[in-house]
Amino acid sequence: MPSARQCPRRIWHLTSRPGAINPMRLSRYFLPVLKETPAEAQIVSHRLMLRAGMIRQASAGIYSWLPMGFKVLRKLENIVHEEQIRAGHNPMLMPTLQSADLWRESGRYEDYGDEMLRVTDRHGRDMLYGPTNEELITDIFRNSVTSYKQLPLTLYHIQWKFRDEVRPRFGVMRGREFFMKDGYNFDVDQPSAMHAYNRHMVSYLRTYERMGLKAIPMRADSGPIGGDDTHEFLVLADTGESEVFYDSAILDLKLGDREVDYDNWDQCAAIKQEWTTPYARTDETHDEAAFTKVPEARRMSSRGIEVGQIFYFGTKYSESMNANVVNAEGERVPVHMGSHGIGVSRLVGAIIEASHDDRGIIWPESVTPFDVGIVNLKQGDTAADEACETLYRALTAKGLEPLYDDRKERAGAKFATMDLIGLPWRITVGPRGLKNGIVELTSRKTGESQELKPEDAVARLVEIYAEI
RNA sequence: CGGGCUAUAGCGCAGUUUGGUAGCGCGUUCGUCUGGGGGACGAGAGGCCGCAGGUUCGAAUCCUGCUAGCCCGACCA
């Protein structure tokens, strides 16, 4: 995999200034952490997101994203954009509110039922808060693309969606309002549409890998979107909503550093083949007879959180909505389509479900809201204050984002806060260590500490993040 | 949408059975002592007890109706 630096880091991140970073002093940051667990939160990611001051519930299944939650959300969005662009897809933005007319044309205005939030504007026109965008994108496509020469084409956007769930729960894991990447490919025939399918599978695998997640593609049901070929990507976690069955061999697969040419049909097909060969199904498509052919020691079942799905659905929408192109033989044919989604807001919860301990969150380096926490053990002590300021400036100058806990709190409270919010690295600065010229660099994940000179701690962190 | 439950200070809760004018812990403010894993002591601030109506001399408490939220199920990214 090309390193993140080949694809500029944070191109979409919070500010339009390329490479801009925002380090922070905790005394000036809005981080309302809770010592006690709010009663409404049942699962660990929801509890930790509330306690770590990442989100606040606005109403059932609808959340405000506070600064630290927002920062993680933007980092995930950023990774998704980078990997989509790398795969050659076109970023764009469609509105949240859509006209009901397009949905009447596809027949889904009636089919979608109460999950669709319907509103009426002042002129009495039927509108809806989009739960997905097949109709809108097909309309855009059919008005501008008429020839196979303009294909293949993949358009995507990352936008808020709304599905009026009967029973929202689990915080952002199953909210009514959610932030999602959805993309749509348009191809002249079935074989090229299958390449688009395979290309998406590869880019999704890479996206999840960069987020520090093991997301397993599993053959799935097409559900209300309809279609022929579809895979869901699931992250294993006890709190997952789906029961999953898989060959443990699939856990060893890794894209790693391998070069991928997204225009190479054979290579994309081979990678898809590699990931879909070991048995992996959700309970909806589980086949007990096929499963028993997996060696018993490798036969696993557990729970999984769905964090993405890819579909090939052929001409389902292009036929009903007259999205046709002229092919090389001069015939007018309905375009072949697929759609692909990544639940970006849900991923925040899924990552926490997959990475936490009893003290709090443990962020993977690639998505952490801040790269490192600086804990000043004795605020007001001249040596400690100066050492922290120097570290803060040095890290920032190297392009890293520190969160400096400069509050007048006791050491225990500062450690507890750092553990709760889960920054992967912590530099502990106190008068005792400074007498010997050292600070402590601690891994949140392993708890291991090393005593280093301040400048060596900075160098070590630069090294760690260069690999992310 | 069926079944169960909850609503009292920023958060977690008690008080409701038996009606008498609101309390605890955490947080928060100020002070003193402390200072390497949520410290101690002292003094404060903070509530139309979800909303509306009713019963009563008097309602957080009893009655009626709403609203919001949570859990189990069905459904779903």
Query raised in the report: Can you check the A:Lys408 NZ to B:G36 P distance for me, whole Å?
Result: 14 Å
Query raised in the report: Whole Å only: how far is the CD atom of A:Glu451 from the C1' atom of B:G36?
Result: 12 Å
Report task. Report which part of the nucleic acid A:Ser345 touches: base, sugar-phosphate, or nothing (heavy-atom distance under 4.0 Å, all strands). Result -> nothing
Report summary line: Among the nucleotides B:A77, B:C26, B:U28, whichever has the atom closest to the side chain of A:Glu36 is B:C26
Report summary line: Between OH of A:Tyr208 and P of B:A77 the distance, given in whole Å, is 14 Å
Requested in this report: State which of B:C13, B:C71, B:A74 makes the closest approach to the side chain of A:Gln42.
Outcome: B:C71
Query raised in the report: Heavy atoms under 4.0 Å, any strand shown: does A:Leu34 hit a base, just sugar-phosphate, or nothing?
Result: nothing
**Report entry** Sugar-phosphate only, base, or nothing, as touched by A:Gly175 at under 4.0 Å among non-hydrogen atoms
**Finding:** base
Query raised in the report: Do A:Arg174 side-chain and B:C75 base share a donor-acceptor contact under 3.5 Å?
Result: yes
Query - Paired nucleotide for B:A77 [Watson-Crick or G-U wobble; both distances under 3.5 Å] - result: none
Query raised in the report: Is there a Watson-Crick or G-U wobble partner for B:G37 with both distances under 3.5 Å, and which nucleotide is it?
Result: none
Report task. Would you indicate what A:Ala416 reaches in the nucleic acid, counting non-hydrogen atoms under 4.0 angstrom: base, sugar-phosphate, or nothing? Result -> base
Requested in this report: Could you tell me whether the phosphate oxygens of B:G69, OP1 or OP2, come under 4.0 Å of any side-chain nitrogen or oxygen in A:Arg169?
Outcome: no
Requested in this report: Could you please name the option among B:G35, B:A77, B:G12 that lies closest to any side-chain atom of A:Phe178?
Outcome: B:A77
Report task. Once you apply the 3.5 Å cut-off to both distances, tell me the Watson-Crick or G-U wobble partner of B:A22, or none. Result -> none
**Report entry** Watson-Crick or G-U counterpart of B:A14, or none if no pair lies under 3.5 Å
**Finding:** none
Query - Base B:G38 paired with A:Arg51 side chain (donor-acceptor, <3.5 Å) - result: yes
Query raised in the report: Would you say A:Phe415 stacks on B:G38, if stacking means ring centres under 5.5 Å apart and planes within less than 30 degrees?
Result: no
Requested in this report: Nearest whole angstrom, please: distance from the P of B:G73 to the CD of A:Glu241.
Outcome: 13 Å
Query - B:G36 base / A:Glu440 side chain donor-acceptor hit below 3.5 Å - result: yes
Query - Reported OG1-to-CE distance for the pair A:Thr396 and A:Met24, which is rounded to 0.5 angstrom - result: 10.5 Å
**Report entry** Of the listed nucleotides B:U34, B:C1, B:C13, the one nearest the side chain of A:Arg410
**Finding:** B:U34
Query raised in the report: Can you tell me the Watson-Crick or wobble partner of B:C30, both distances under 3.5 angstrom?
Result: B:G42
Requested in this report: Could you tell me whether A:Arg174 and A:Glu241 make a salt bridge, using a distance below 4.0 angstrom between a side-chain N and a carboxylate O?
Outcome: no
Query - Euclidean distance, A:Tyr156 OH relative to A:Asn90 CG, rounded to 0.5 Å - result: 8.5 Å
Query raised in the report: So, are A:Glu401 and A:Lys71 salt-bridged, with charged N and O less than 4.0 Å apart?
Result: yes
**Report entry** Pairing partner (Watson-Crick or G-U wobble, both distances under 3.5 angstrom) of B:A52
**Finding:** B:U64
Report task. For A:Glu306 and B:A77, give me the distance from atom CD to atom C1', rounded to whole Å. Result -> 5 Å
Query raised in the report: Heavy atoms under 4.0 Å, any strand shown: does A:Gly430 hit a base, just sugar-phosphate, or nothing?
Result: base
Query - Qualifying residue for ring pair (Phe, Tyr, Trp, His ring centres under 6.0 Å) with A:Phe179, from A:Trp160, A:Tyr63, A:Phe162, A:Phe70 - result: A:Trp160
Query raised in the report: What's the closest nucleotide to the A:Arg167 side chain, out of B:C76, B:G36, B:C72?
Result: B:C72
Report task. Check every atom of B:G36, B:G12, B:G38 against the side chain of A:Leu420 and return the nucleotide holding the closest atom. Result -> B:G38
Report task. Just call it for A:Gly308: base, sugar-phosphate, or nothing, with non-hydrogen atoms closer than 4.0 Å on any strand. Result -> nothing
